[in-house]
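Because only heavy atoms are used, hydrogens play no part in the values below, and waters and symmetry mates are left out as well, while side chains stay in. First the proteins, then the strands, lettered A, B, ... as listed; each starts at 1.
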Amino acid sequence: MNIRVRFAPSPTGHLHIGGARTALFNYLFAKKSGGTFILRIEDTDELRSTEESMNSIFESMKWLGLDWDEGAMPDLAEKGNSGPYVQSKRQDAGIYKKHAERLLKEGMAYRCYCTPEELEDMRRKAQLEKRPLRYDGRCRKLSNAQAEDFERQGRRPALRFSMPQEGKTQFVDLIHKEMEFENAILYDFIMIKASGYPTYNFACAIDDHLMEISNVIRGDDHISNTPLQLNLYNALGWAPPDFAHLSMILGSDGARLSKRHGATSVQEYRKQGILAETLRNYLALLGWSTSDSKQIFEKGELEEKFDLKGCQKNPAIFDPVKLKWMNGEYIRKLSKQELFLLAKSYMVESGIDIECQSPEKAADIICLEQEKYKLLSEIPSMIDFFFKEVIYSRDAVDKVFRAHGVEVILNGIKDKYSGLGNFNEAEIEAETRNFAKSNGFKTGQVFHPVRVAVSGRTEGPTLFKMIERLGKEQTLKRIDKALELLKTLV
RNA sequence: GCCCUCAUCGUCUAGAGGCCUAGGACGCCGCCCUUUCAAGGCGGAGAUCAGGGGUUCGAAUCCCCUUGAGGGCGCCA
């Protein structure tokens, strides 16, 4: 059998972490088995769906490298032979109506004239009487006269599926194994809303069948929808796909991941400077693992190793700290050129005039601190002093410049550096050490003030590499500036 | 309230009856390296496997109950 899987987001916002994880698992499952990965847009919520969200989802998917073989594409284009892949277009094509009418004709669906208010009352009453909150099926046996009466009142009916009231619905979930539901607790869900739009449970099942989806891999929150959809398949005489329900992703407090836990969309993490590779790797490990608990995967390795068998049944808490650690790992693996290209936009964004150095020089400077970066967004603040006027941090001044002998040291170093013909790392280091030794200073005693004088801070790249990159002119200028500052200290 | 699901270090997890005195990773602590901050190396603390009953010669692993957590019960998806 051909493996065909789909990711079916509804365009009501940006692609969030949970959705991205579902998309990734579907993608990996397809790649692993040489199957087809399909992107379907479920925009049957006519009030909340937006084209903007749809495009944002496309963009996040592309960025994550989750390229789909079939489905909706940007600019209203489509790819594949099972289209359209946007449900509103399928609705326009009459696809849902056709199958709904067949069920209606065969007596497996019925018109429901209940108003939202009536349904709300029904639920309230059930709540009060401690009964299950499901629809009581009152419109199932409406007489023609009653129906006509409602029609005359101007009520537009919704179409409900007639759920079997006895027996059980069973299926084998690829992750959870055997699942069983009493049909009596299932309910007559709405297939077609009064507006004519299909509901999720209806459109989803119809499309999965028509698109020949072999495996439905989705979040745990859909478990209770599965028996509903299974009964629909059954009524239609269709063979259902296999199901696999992924555990949820929770926030640090164990509650469902939401805004108050911090960034929740792929886009936000991208902005922070998480690499796409990092996010893929991290997300893959939320609810899935290999038997050796491998953490970092090489390019293409996830596609090769992914397996539904390694999926966890229990929910996973999203850990931003581990994400950051992993991002550092991936940043360290970047080539100089890759890092430079990635960092560039963050530099420009934070107002650094990157053009004041040659691209080679700028790349060189950025890579000086490569092993320290955890987020691309923190790069500018770590190396900005190479590109603009030095600013002495309060902290550094208090900690270093107030020590004895700083003035003597800076003056001495200034002299030494001025006389240097070859202003390179080795020469600078030799000269600096030499100065310390011949004047009876400990190396640290000299290094620290020099560091603060040229960079304005106590932490940074290897001192002599840093000074070489700064250049003779800048270095001397900054030592002078530090000397001026010293005079103002009391 | 009803239904469903889940339960191993703080967190992500390995574990499919004896290999478990429970392994790895993040984080934390210490040491080494070192001019700083990182990175790296080495080491450490951290889980009576939610609790209680069974089954078995033997259970983290199988069964039952309890508890806790999550999900669903929408003309949302």
Side-chain angles (χ1 to χ4, degrees), chain A residues 8-10 12 42-45 47-49 112 114-116 119-120 123 126-135 156-160 173 176 179-182 184-187 189-201 203-204 219-228 245 247-248 250 252 254-256 282 285-296 310 312-319 321-326 328-329 332 369-374 382 396 400 429 432-433 436 442-448 450-452 455 457-464 466:
Chain A
S10 58
T12 54
E42 307 209 325
D43 60 342
T44 54
D45 185 335
L47 296 175
R48 292 191 298 157
S49 299
C112 172
C114 295
T115 63
L119 294 172
E120 185 49 39
R123 273 191 289 272
Q127 181 85 266
L128 241 52
E129 294 170 10
K130 304 192 190 242
R131 284 185 290 107
L133 312 177
R134 60 202 198 96
Y135 180 65
R156 304 294 308 139
L159 236 51
R160 282 189 190 269
D173 186 280
H176 293 267
M179 297 285 224
E180 187 180 288
F181 297 81
E182 293 287 340
I185 60 117
L186 271 21
Y187 66 106
F189 67 91
I190 289 183
M191 307 187 308
I192 305 282
K193 311 176 202 175
S195 66
Y197 276 79
T199 58
Y200 165 76
N201 275 313
C204 176
D220 255 0
D221 47 345
H222 287 294
I223 286 185
S224 44
N225 286 325
T226 308
L228 264 32
H245 289 95
S247 60
M248 300 274 86
L250 310 176
S252 49
R256 201 175 181 153
Y282 181 73
L285 255 22
L286 275 189
W288 174 78
S289 63
T290 57
S291 56
D292 58 353
S293 282
K294 191 177 169 70
Q295 301 293 311
I296 306 282
Q312 198 79 10
K313 286 189 271 197
N314 45 315
I317 290 173
F318 187 86
D319 180 9
V321 177
K322 184 167 178 181
L323 210 215
K324 258 178 99 168
W325 160 77
M326 194 176 276
E329 293 286 318
R332 264 169 250 130
E369 297 278 73
Q370 180 162 11
E371 69 273 20
K372 292 183 197 170
Y373 304 139
K374 287 212 162 72
M382 287 172 74
V400 178
E429 175 160 9
T432 311
R433 287 190 187 279
K442 280 192 249 174
T443 51
Q445 228 178 326
V446 174
F447 294 168
H448 293 310
V450 174
R451 168 181 297 286
V452 175
S455 72
R457 55 184 78 186
T458 55
E459 75 287 346
T462 305
L463 185 60
F464 312 107
M466 174 164 85

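- In the set B:rG27, B:rC2, B:rG23, B:rG23 carries the atom at the smallest distance from any side-chain atom of A:S293.
- Toward the 5' end of RNA chain B, the nearer of the two residues A:E129 and A:H448, judged by each one's closest nucleotide, is A:E129.
- Between A:D173 atom CG and B:rU5 atom P the separation is 11 Å, expressed in whole Å.
- A close approach under 4.0 Å does not occur between any side-chain nitrogen or oxygen of A:R457 and OP1 or OP2 of B:rU36.
- Checked against the 6.0 Å centroid criterion, the rings of A:Y282 and A:F318 qualify as a close aromatic pair.
- Rounded to an integer number of Å, the gap from A:Y282 OH to B:rC12 C1' is 6 Å.
- Taking atom CD on A:Q312 and atom C1' on B:rU11, their separation rounds to 13 Å, with Å as the unit.
- In this structure, A:R134 reaches the sugar-phosphate backbone alone: every heavy-atom distance under 4.0 Å involves primed, P, OP1 or OP2 atoms, never a base.
- Residue A:S224 is in sugar-phosphate contact alone, with no base atom involved, counting any heavy-atom pair closer than 4.0 Å across all strands shown.
- Searching all strands for a Watson-Crick or G-U wobble partner of B:rA7 with both distances below 3.5 Å returns B:rU67.
- The NZ atom of A:K313 sits 14 Å away from the P atom of B:rU13 (whole-angstrom rounding).
- Distance, A:K324 NZ to B:rA25 C1': 18 Å, rounded to whole Å.
- The base of B:rG15 is not paired with the side chain of A:S291 by any donor and acceptor separated by under 3.5 Å.
- At the heavy-atom level, A:K442 lies nowhere under 4.0 Å from the strands shown.
- Between A:L285 and A:T44, the residue anchored nearer the 5' end of RNA chain B, judged by the nucleotide with its closest heavy atom, is A:L285.
- Annotation for A:T44 and A:P198: closest pair CB-O, 3.4 Å, computed over non-hydrogen atoms.
- Across B:rC3 and B:rG18, the matching P atoms stand 36 Å from one another, rounded to whole Å.
- Distances from the side chain of A:K193 to the nucleotides B:rA25, B:rC76, B:rC3 place B:rC76 closest.
- Within 4.0 Å (heavy atoms only), A:I317 reaches sugar-phosphate atoms of the nucleic acid but no base atom.
- A:C204 comes within contact range of no nucleotide atom at all, as no heavy-atom separation falls under 4.0 Å.
- Using a 4.0 Å heavy-atom distance criterion, A:F181 is classed as a sugar-phosphate-only contact.
- Side-chain proximity of A:F447 to the nucleotides B:rG27, B:rU35, B:rC4 is greatest for B:rU35.
- A:E429 comes within 4.0 angstrom of no nucleic acid atom, judged by non-hydrogen atoms across all strands.
- Among the nucleotides B:rA7, B:rC75, B:rG74, the one closest to any side-chain atom of A:N314 is B:rA7.
- Remark: C1' of B:rA77 and CZ of A:R256 are 10 Å apart, rounded to the nearest angstrom.
- Atom pair A:L128:CG and B:rG1:C1' shows a separation of 11 Å (rounding to whole Å applied).
- Within the 4.0 angstrom heavy-atom criterion, no nucleotide atom of any strand lies near A:G328.
- Counting any heavy atom pair closer than 4.0 Å across all strands shown, A:I223 reaches sugar-phosphate atoms only and no base atom.
- Residue A:L463 is classed as a base contact, given a heavy-atom separation below 4.0 Å to a base.
- Nearest nucleotide to the side chain of A:T462, out of B:rG27, B:rC75, B:rU36: B:rU36.
- Nucleotides B:rU21 and B:rU66 have their C1' atoms positioned 30 Å apart, rounded to a whole Å.
- Across all strands shown, A:M382 has no heavy atoms under 4.0 Å from either base or sugar-phosphate atoms.
- In the set B:rG27, B:rC3, B:rG72, the nucleotide with an atom closest to the side chain of A:D221 is B:rG72.
- A:L133 has its side chain within reach of A:Q127: a pair of non-hydrogen atoms, C-beta onward, lies under 4.5 Å apart.
- To the nearest angstrom, C1' of B:rC3 lies 14 Å from CD of A:Q127.
- Heavy atoms of A:A316 sit under 4.0 angstrom from primed sugar atoms or phosphate atoms, though from no base atom.
- The A:L286 side chain lies nearest to B:rC12 when the options are B:rA14, B:rG27, B:rC12.
- Within the nucleic acid shown, A:R48 comes within 4.0 Å of at least one base atom, counting heavy atoms only.
- Contact check, A:K374 against B:rA38: no side-chain N or O comes under 4.0 Å of OP1 or OP2.
- Residue A:H176 places at least one side-chain N or O under 4.0 Å from the OP1 or OP2 atom of B:rC6.
- One donor-acceptor pair, N or O on each side, does fall under 3.5 Å between the base of B:rA77 and the side chain of A:N225.
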